[in-house]
Visitor: 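Next up is a structure, given as structure tokens.
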Amino acid sequence: MAVGKEILTKIRSVQNTQKITRAMQMVATSKMRKTQERMRAARPYAEKVRTVMAHLAQANADLEHPLLARRDVIKRAGIIVVTSDKGLCGGLNANILKRFFSKVKELQDADVKVDVCCLGQKGLSAAQRTRLNVTASAVHLGDVPKMDKLIGPLTVMLKQYADGELDAVYIVYSRFINTMKQEPALEQLLPLSPDNMVVEHTHSWDYLYEPNALDVMEFLVKRYIESVVYQSVAENMASEQAARMVAMKSATDNAGNAIKQLRLVYNKSRQAAITKELSEIVSGAAAV
């Protein structure tokens, strides 16, 4: 029964793997609910900042800000790529990186140089592997997006754009649609789209500024961009946990199917061995 013992060993090994994947599925399910709550909680702040910024821009049409200036020719662009730090989440990171490298190729084909800011270990490893120019990065973000970890890399990109070193900044992340669907998204972060500076209103708006309108606008623009990046990271984390939950459930189900197949093979081999032994006993008795 040497073959039977080997099959039993495989069954136990697959059962141990199944326990791990089931535990990871339960953990991801718990974390997914919390990340979804944080993702939804971040939306009202970004929307309110955008509304006030749009009111300010409409009330002061002649107001100019370096982060709002549009460049006629794009010679160098920056891309912020948001990925997870860990794997085992299905094709989430692969889809994000596919969208990211597609944009990089599109820019490089147009003779546009590309600087990359990586938020997440998977994106950083991919960018370094392909020898892209990584100007800033943040890894080990954890399960809760924290602005103190994001503000450093983001400030680098904002300063490069304000100084004229970058002509456009994009962000690539995974947009959370629902538990079963997450899709890679590419958005232009800078210069701000005119659509972001328009809100519906029934009357004109104006504010009392302290110290002046330009300083207030600068503060709002930075806070708005920070909130967009924070929202993108929050959505990516929600997508990560949802994708990991689905992947681990699939792995658990596949392990269950493998165990059934191995048990069937084990029972067949055991039955064959018993039948062989019985036939040998019968043959021996007949010979006597």
Side-chain angles (χ1 to χ4, degrees), residues 66-71 73-87 89-142 145-176 182-193 196 221-222 224-240 243:
L67 295 179
L68 300 177
R70 304 186 71 85
R71 315 288 162 78
V73 179
I74 298 179
K75 297 181 179 179
R76 181 181 289 271
I79 303 179
I80 301 174
V81 55
V82 184
T83 59
S84 67
D85 287 317
K86 302 174 183 177
C89 50
L92 179 79
N93 290 316
N95 293 333
I96 295 173
L97 293 174
K98 182 179 179 181
R99 187 71 183 90
F100 165 66
F101 285 118
S102 174
K103 185 62 179 179
V104 170
K105 185 177 185 304
E106 176 187 331
L107 292 171
Q108 290 178 341
D109 290 343
D111 293 330
V112 177
K113 296 181 180 179
V114 178
D115 290 346
V116 180
C117 172
C118 300
L119 303 179
Q121 183 62 53
K122 293 296 182 180
L124 178 60
S125 298
Q128 291 176 337
R129 190 166 56 250
T130 53
R131 298 185 179 181
L132 293 174
N133 183 30
V134 179
T135 57
S137 64
V139 296
H140 307 302
L141 300 177
K146 296 179 180 178
M147 205 62 217
D148 57 348
K149 288 187 176 181
L150 305 177
I151 195 67
L154 181 57
T155 301
V156 172
M157 302 298 280
L158 292 178
K159 187 177 185 303
Q160 285 183 303
Y161 186 85
D163 294 343
E165 297 177 18
L166 295 177
D167 301 311
V169 178
Y170 304 91
I171 184 167
V172 183
Y173 65 100
S174 181
R175 181 183 290 118
F176 182 85
Q182 306 85 37
E183 60 182 21
L186 171 67
E187 297 178 1
Q188 180 173 307
L189 200 60
L190 290 171
L192 291 176
S193 171
N196 292 329
V221 169
K222 288 183 178 179
Y224 175 70
I225 294 173
E226 288 172 4
S227 66
V228 170
V229 174
Y230 180 90
Q231 178 71 25
S232 301
V233 174
E235 289 214 22
N236 198 80
M237 288 182 174
S239 299
E240 176 190 354

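The first residue in the sequence is number 1, and the count goes up from there.
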Visitor: Indicate the atoms forming the closest heavy-atom contact of A77 with V112, along with that distance.
Guide: N-CG1, 3.8 Å

Visitor: How many angstroms lie between atom CD of Q160 and atom CG of L166, to the nearest 0.5 angstrom?
Guide: 4.5 Å

Visitor: Which residues pass the salt bridge (charged side-chain N to carboxylate O under 4.0 Å, His left out) test with E165, not counting sequence neighbours?
Guide: none

Visitor: Kindly say whether S84 contributes a backbone atom to a donor-acceptor pair with the side chain of N93 at under 3.5 angstrom?
Guide: yes

Visitor: Less than 4.5 Å apart, side chain to side chain, heavy atoms only: is that true for V169 and Q188?
Guide: no

Visitor: Write down the atom of K149, the atom of H140, and the distance for their closest heavy-atom approach.
Guide: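 Distance-wise, the nearest heavy atoms are NZ-O, 2.7 Å.
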
Visitor: Who passes side chain to side chain donor-acceptor pair (under 3.5 Å) against D148, sequence neighbours left out?
Guide: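 If we apply the side chain to side chain donor-acceptor pair (under 3.5 Å) test to D148, skipping adjacent residues, there are no hits.
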
Visitor: Give the intermediate values and the outcome of side-chain contact (heavy atoms from CB on, under 4.5 Å) for residues I79 and F100.
Guide: CA-CA 8 Å; I79 303 179; F100 165 66; 3.7 Å; yes

Visitor: Using side chain to side chain contact (heavy atoms under 4.5 Å, CB included) as the criterion, list what pairs up with P184, not counting sequence neighbours.
Guide: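 Here the qualifying residues are N95, R99.
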
Visitor: Before giving the answer on side-chain contact (heavy atoms from CB on, under 4.5 Å), spell out for Q108 and K103 the whole-Å C-alpha distance, their side-chain angles and the decisive distance to 0.1 Å.
Guide: CA-CA 9 Å; Q108 290 178 341; K103 185 62 179 179; over 6 Å; no

Visitor: Under the side-chain contact (heavy atoms from CB on, under 4.5 Å) criterion, do T130 and F101 qualify, and how do the steps go?
Guide: CA-CA 10 Å; T130 53; F101 285 118; 3.6 Å; yes

Visitor: Please give me the minimum heavy-atom distance between G142 and M237, naming the atom from each residue.
Guide: O-CE, 3.3 Å

Visitor: State, with a plain yes or no, whether a side-chain heavy atom of V229 is found less than 4.5 Å away from one of V82.
Guide: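 They are not in contact (no side-chain heavy atoms under 4.5 Å apart), so the answer is no.
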
Visitor: Please name all residues satisfying side chain to side chain contact (heavy atoms under 4.5 Å, CB included) with V139, sequence neighbours left out, ordered by chain then number.
Guide: D85, Q121, L124

Visitor: Please list all pairs passing the salt bridge (Lys or Arg N to Asp or Glu O under 4.0 Å) test where one or both residues lie in residues 113-141, with sequence neighbours left out.
Guide: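 Of all non-adjacent pairs touching residues 113-141, those that pass salt bridge (Lys or Arg N to Asp or Glu O under 4.0 Å) are R76-D115.
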
Visitor: Could you give the distance from CG (L92) to CG (N236), rounded to the nearest 0.5 Å?
Guide: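 So the CG of L92 and the CG of N236 are separated by 6.0 Å.
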
Visitor: Given side chains that start at C-beta, do those of V156 and C117 come closer than 4.5 Å, heavy atoms only?
Guide: no

Visitor: Do E235 side-chain atoms and F176 backbone N/O form a donor-acceptor pair below 3.5 Å?
Guide: yes

Visitor: Under the side-chain contact (heavy atoms from CB on, under 4.5 Å) rule, what do V81 and Y173 come out as? Steps first, then yes or no, please.
Guide: CA-CA 6 Å; V81 55; Y173 65 100; over 6 Å; no

Visitor: Flag the pair V116 / N133 as yes when at least one side-chain heavy-atom distance between them is below 4.5 Å, and no otherwise.
Guide: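 A side-chain contact is absent here, since even the closest heavy-atom pair is not under 4.5 Å.
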
Visitor: Show the nearest heavy-atom pair for residues A168 and Y161, with the distance to one decimal.
Guide: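 Looking at all heavy atoms of both residues, the shortest contact is N-CE1, 3.8 Å.
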
Visitor: Apply salt bridge (charged side-chain N to carboxylate O under 4.0 Å, His left out) to D163 and list each qualifying residue two or more places apart in sequence or on a separate chain.
Guide: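 With sequence neighbours excluded, D163 shows a salt bridge (charged side-chain N to carboxylate O under 4.0 Å, His left out) to K159, given in chain and number order.
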
Visitor: Would you say D167's side chain and K75's backbone share a donor-acceptor pair under 3.5 angstrom?
Guide: yes

Visitor: Do S174 side-chain atoms and Q182 backbone N/O form a donor-acceptor pair below 3.5 Å?
Guide: no

Visitor: For the residue pair G123 and T83, what are the closest heavy atoms and their distance?
Guide: N-OG1, 2.8 Å

Visitor: Is a side-chain donor or acceptor of S102 paired with a backbone partner of K98 at a separation under 3.5 angstrom?
Guide: no

Visitor: Once you round to the nearest 0.5 Å, how far does OG of S137 lie from CD of Q128?
Guide: 7.5 Å

Visitor: To the nearest 0.5 Å, tell me how far I80 CD1 sits from L154 CG.
Guide: 5.5 Å

Visitor: Is the shortest side-chain heavy-atom distance between M157 and T135 below 4.5 Å?
Guide: yes

Visitor: Looking only at non-hydrogen atoms, find the nearest pair between V172 and I96 and report the distance.
Guide: CG1-O, 3.8 Å

